[in-house]
Chemist: 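Handing you this structure, nothing more for now.
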Amino acid sequence: MRVSLKALCVAALLAAAPASAQDDRPDYRRALAAGYKASFLCSDLFNGGLPESVIEQDDLARTYPELEPLFDQLTADVDRANRRVSVRYRDDMPPRVAQWRPHLGCAQLPIGAPVASTAELPRLTARGPDLPEMDAQSWPQGDARATGRPTGDAAALARTVAAAFDRRTYGQGSETTAVVVVQNGRIVAERYRPDFDMHTSQRTWSVAKSIAGTLIGVAVEDGILRLDAPVPVPEWQRPGDPRSAITLDRLLHMNSGLNSDHAGNRTDALYFGGMTVADTIAGLPLVAPPGQHFRYSNNDIVAATRALSHVLGDGERALAYPFNRLFWRIGMTRTFPETDPSGHFIMSSQVWTTARDLARLGLLHLADGMWNGERVLPAGWTDTVRRPGAAQPARGFGYGMTWWTFPADSGLPQDSIVAQGNRGQFVVVIPSRQLVVVRRGFDGGAASQLDVSAFTRDLLAALEPRR
């Protein structure tokens, strides 16, 4: 009897529990570790074009301590012809499988799903832009004629960028793969680690949340969603469900009142277990009145993008919307927003993109949502995402609407905003200085994290116009 992907996802949900409650279940940890390895190998190979040796030293190292020791025990089968990665974790269970699809990147099958189920994974039928033709266009739509002369001291700028790669100046043990600095619309500094270049896609981690917030802004401009209206998440619409009153604004400001296991909630079952977005957010209880408490959470962004997909019909139109209305429109041609097995985007973390594509995202905000004379985001959107929510983090960076704000003592202009992701992903936007800074990396824990404030301060000093 054939078992559908949906049935397998439901079965996996019943078996899955938060990682903290699964410490006595080694088979579940092995299944997650196998899913992690399959997912990263698949995405890094087929989105990013990276060698397996580089993937092993970067994306499979200095990561989750309870999963990383298992990676060497789990052998991956890479099917390059079908762009598929399988990792076996038990002899009596199907392997964990990640399957690549054009534009949508890799999706995992649920734990226990047979390899043949990859045929059921949703795919985008749109062909997409011609990459050589797009690349030949002038920056920022394409990659040609992208560079310009910086204001200030060019030698000091080059030294500052080089210092971001030395593994000590801005964070002991930090590991930088790319830096792009855009001033007055032109790239004034750009550098990559060996094996990376301007077309190498890398996982954004939580910078994806700022990408998702930008996509929501496009939908607001298109009249599809409203920030002040209850978010149309279909799983929350039963009579008497208090979650049906949560507004989109609350989700994007991370003060929805929804439960998460801990700040940032790992969502392992969704990221590495092949669970669906719909099943994940259906089980989130409301534990506080919306708007009262800040709780940084993957789930809030997952719910917001689930609502957008639902309004768009959960089909081809929903899959194509990010590409037609945002990515391809502003030249982000090597950005892969990955989905769950049912075709819903996991835009809280699982987006692969390049440093230049993130610079384009920053330029869109620098221009307050205008691109080639067209309004992509609502007027004033950059001010909107900078504005703090009703509840804020207890210390350090403040939080706007899917973008962070720098602490008052950072020494940076007050209009600065930053998208931040795990392992040192940053996009800094400073409208008053017409500056965008992108940094990609593979930092380890907090001790090795690159200091984005110090790095940006030094860049600003180097770019200070000579008198």
Chemist: I want to check a possible cation-pi pair here: R375 against W381, using under 6.0 Å from ring centre and within 45° of the ring axis as the test.
Modeler: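 Relative to the ring axis of W381, which defines the angle, R375 lies outside at least one limit.
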
Chemist: To the nearest 0.5 Å, what is the distance between CD (Q237) and CD (E235)?
Modeler: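 It comes to 9.0 Å.
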
Chemist: Quick check for you: to the nearest 0.5 Å, what is the distance between Y36 atom OH and Q108 atom CD?
Modeler: 11.5 Å

Chemist: Counting N and O atoms only, with roles assigned by atom type, does the side chain of S174 sit under 3.5 Å from a partner on the main chain of D443, one being a donor and the other an acceptor?
Modeler: no

Chemist: Working to the nearest 0.5 angstrom, can you tell me the gap between R167 CZ and Q172 CD?
Modeler: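 That separation rounds to 11.0 Å.
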
Chemist: Taking the side chain as every heavy atom from C-beta outward, state whether Y296 and K209 have any pair of such atoms under 4.5 Å apart.
Modeler: yes

Chemist: Report yes or no: is the cationic atom of R193 (NZ for Lys, CZ for Arg) under 6.0 Å from the centre of the six-membered ring of F442, at an angle within 45° of the ring normal?
Modeler: no

Chemist: What distance do R243 atom CZ and I281 atom CD1 have between them, rounded to the nearest 0.5 Å?
Modeler: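 So the CZ of R243 and the CD1 of I281 are separated by 8.0 Å.
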
Chemist: Looking only at non-hydrogen atoms, find the nearest pair between D300 and L251 and report the distance.
Modeler: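 So the two residues come closest at CB-O, 3.4 Å.
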
Chemist: Could you check whether T276 and D279, counting side-chain N and O atoms only, form a donor-acceptor pair closer than 3.5 Å?
Modeler: yes

Chemist: Given I246, which partner from the list D241, V233, L258 fulfils the side-chain contact (heavy atoms from CB on, under 4.5 Å) test?
Modeler: L258

Chemist: Can you tell whether the side chains of D143 and R360 come within less than 4.0 Å, N to carboxylate O?
Modeler: yes

Chemist: When you compare the side chain of V427 with that of V418, does any pair of heavy atoms fall below 4.5 Å?
Modeler: no

Chemist: Using the ring of each side chain (for Trp, its six-membered ring), is F397 parallel, tilted or perpendicular to W404, with breaks at 30° and 60°?
Modeler: perpendicular

Chemist: Using atom types as modelled and distance alone, determine if a side-chain donor or acceptor of R101 lies under 3.5 Å from a backbone N or O of L104.
Modeler: yes

Chemist: With L41 as reference, evaluate L50, I55, D59 under the side-chain contact (heavy atoms from CB on, under 4.5 Å) test and give the passing residue.
Modeler: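 Between L41 and the candidates, side-chain contact (heavy atoms from CB on, under 4.5 Å) is satisfied uniquely by I55.
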
Chemist: Has R96 got a side-chain atom pairing as donor or acceptor with F272's backbone, closer than 3.5 angstrom?
Modeler: yes

Chemist: Taking the side chain as C-beta and beyond, is there a heavy-atom pair between L109 and L121 under 4.5 Å?
Modeler: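 In short, these two side chains touch, coming nearer than 4.5 Å.
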
Chemist: Is there a donor-acceptor contact under 3.5 Å from the side chain of S206 to the main chain of N422?
Modeler: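 Checked: no pair found.
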
Chemist: Would you say the side-chain atoms of W139 pair up with the backbone N or O of G185, donor to acceptor, closer than 3.5 Å?
Modeler: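 Yes: the side chain of W139 pairs with the backbone of G185.
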
Chemist: Decide side chain to side chain contact (heavy atoms under 4.5 Å, CB included) for T247 and L227; before the verdict, give the C-alpha distance in whole Å, the side-chain angles of both, and the deciding distance to 0.1 Å.
Modeler: CA-CA 7 Å; T247 64; L227 292 176; over 6 Å; no

Chemist: So do R62 and R423 actually touch side chain to side chain, heavy atoms under 4.5 Å?
Modeler: yes

Chemist: Are T204 and Q425 side-chain neighbours, meaning at least one heavy-atom pair lies under 4.5 Å?
Modeler: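 Side chain of T204 against side chain of Q425, heavy atoms only: no contact under 4.5 Å found.
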
Chemist: Ignoring hydrogens and geometry, is there a side-chain-to-backbone donor-acceptor pair from T151 to L463 under 3.5 Å?
Modeler: yes

Chemist: Taking the side chain as C-beta and beyond, is there a heavy-atom pair between T384 and M401 under 4.5 Å?
Modeler: yes

Chemist: Using modelled atom types and a 3.5 Å cut-off, is there a donor and acceptor pairing between side-chain atoms of R440 and backbone atoms of Q202?
Modeler: yes

Chemist: Does R457 make a cation-pi contact with F406, if we ask for NZ or CZ under 6.0 Å from the ring centre and within 45° of the axis?
Modeler: no

Chemist: Within 45 degrees of the ring normal and closer than 6.0 Å to the centroid, is that where the cationic atom of R191 sits relative to F165?
Modeler: yes

Chemist: Please verify the inter-ring angle class for W205 with Y64; under 30° counts as parallel, over 60° as perpendicular, anything in between as tilted.
Modeler: perpendicular

Chemist: Has D44 got a side-chain atom pairing as donor or acceptor with G48's backbone, closer than 3.5 angstrom?
Modeler: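 It does not hold such a pair.
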
Chemist: Does the Q350 side chain pair with the main chain of T339, one donor and one acceptor, at a distance under 3.5 Å?
Modeler: no

Chemist: What do the steps show when you test V207 against L358 for side chain to side chain contact (heavy atoms under 4.5 Å, CB included), and what is the final call?
Modeler: CA-CA 9 Å; V207 167; L358 287 180; 4.0 Å; yes

Chemist: Taking the side chain as everything from C-beta on, heavy atoms only, tell me whether W236 gets closer than 4.5 Å to R306.
Modeler: no

Chemist: Rounded to the nearest 0.5 Å, what's the gap from CG on L225 to CG on L308? Could you check?
Modeler: 5.5 Å

Chemist: Between E221 and R325, is there a side-chain N and carboxylate O pair less than 4.0 Å apart?
Modeler: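 No salt bridge links E221 with R325.
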
Chemist: Answer yes or no: is there a donor N or O on one side and an acceptor on the other, between the side chain of R386 and the main chain of T405, under 3.5 Å?
Modeler: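 Between the backbone of T405 and the side chain of R386 there is no qualifying donor-acceptor contact (under 3.5 Å).
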
Chemist: Would a 4.5 Å heavy-atom cut-off, applied to side chains only, mark F345 and V277 as touching?
Modeler: no

Chemist: Working to the nearest 0.5 angstrom, can you tell me the gap between I346 CD1 and I301 CD1?
Modeler: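 Separation between the atoms: 14.0 Å.
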
